[in-house]
Amino acid sequence: MENLKKIPKKEMKLLEPSYYQNEDVVYLAKDLLGKVIITNIDNMVTSAEIVETEAYNGINDKACHAYNNRRTKRTSAMYKRGGVAYVYICYGMHHLFNVVTGRENEPQAVLIRAVKPLDGINAMLARRKKNTLQRSLTAGPGALCQALGITKEINETPLTSELIGIYGVFNNYREDDIQISKRVGVAYAEDDALLPYRFRVKGSKWTSLAK
DNA sequence: CAAACGATTTTCT
DNA sequence: GAAAATCGTTTGG
């Protein structure tokens, strides 16, 4: 799976909205590993394989922005029917990209935490102001958004649009291929901070480092 | 209206 | 390993 350009077009399968409407956000967080994000933003096409995700499981998950059914301008995207983007700004400077899942008014989402660069690497390097292709280009939720050109401009955009789509191309990883751990940076979530909702492709050099 | 803080990244020591 | 950078969103008065 070295270069997306080598994949025959007929094997590129855009994930349909129904895919995202599965109510099991933990299942989707695992199933999204190996899927390919393709963006066409600012006249630059970039693509990358998802290698690390986290599940945010709705109103009963203390780590979720929509915990306790909190509805604000920021969280409204998560209440949409699955299949749109939820992009918000963290620490005043980083955009974080989530895939909204589940039914309307059930605010679940999958945070994309790391990707493996495929096409458009020069564009990614330029956006990140880097010269070499290495993990730091796209490891970390803020970093990959910068590389792929994802900003809050595309908040609530369908993942079947001209700007961004997710494709099933290569493989589905098996349980054995997935490393499961606690989520990152959610210590405030008390007992829910311990939930095993973080998923990484085992052995991938493109995920964040083990903790 | 003021204040606190964050699903992070980078740089410095 | 520690700390700064930096501001939109949320909450409280």
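First the proteins, then the strands, lettered A, B, ... as listed; each starts at 1.
Side-chain atoms of Thr75(A) come within 3.5 Å of backbone atoms of Arg70(A) as a donor-acceptor pair (strictly under, hydrogens ignored).
Contact check, Arg74(A) against dT10(C): a side-chain N or O comes under 4.0 Å of OP1 or OP2. Considering only side-chain N and O atoms, Lys152(A) lies under 4.0 angstrom from the phosphate OP1 or OP2 of dT9(C). In terms of phosphate contacts, Arg70(A) brings a side-chain nitrogen or oxygen within less than 4.0 Å of OP1 or OP2 of dT11(C).
You'll find the side chain of Tyr197(A) reaches within 4.5 Å of the side chain of Val26(A), heavy atoms only. Inter-residue side-chain proximity for Glu175(A) and Ile180(A) is flagged as met; some heavy-atom pair is nearer than 4.5 Å.
Summary of the strand contacts: Val186(A) and Ser136(A) both lie near DNA chain B, and taking for each the nucleotide with the nearest heavy atom, the more 5' one is attributed to Val186(A).
Interface limits on DNA chain B: the 5'-most and 3'-most nucleotides within less than 4.0 Å of chain A heavy atoms are dG6(B) to dT10(B).
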Which string of ( ) [ ] | and . matches DNA chain B, if you list each base 5' to 3' and count Watson-Crick or G-U pairs only when both distances are under 3.5 Å? ||||||.|||||.

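Going from atom CG of Leu96(A) over to atom P of dC7(C) covers 17 Å, rounded to whole Å.
Residue Arg128(A) is classed as a sugar-phosphate contact, given heavy-atom separations below 4.0 Å to backbone atoms only. Note on Ala143(A): only backbone sugar-phosphate atoms sit closer than 4.0 angstrom, heavy atoms only; bases stay farther off.
Annotation: cation-pi geometry satisfied between Arg183(A) and Tyr56(A) (NZ/CZ under 6.0 angstrom from ring centroid, within 45° of ring axis).
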Run Glu49(A) and Lys35(A) through salt bridge (charged side-chain N to carboxylate O under 4.0 Å, His left out) and show every step you take. CA-CA 6 Å; Glu49(A) 177 191 341; Lys35(A) 301 291 189 291; over 6 Å; no

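Ionic pairing of Lys80(A) and Glu156(A) is present here: one or more N-O contacts between side-chain nitrogen and carboxylate oxygen are shorter than 4.0 angstrom.
Here the shortest heavy-atom pairing between Val115(A) and Thr138(A) reads O-OG1, 2.7 Å. The minimum heavy-atom distance linking Leu33(A) with Glu52(A) is given by the pair CD2-N, 3.6 Å.
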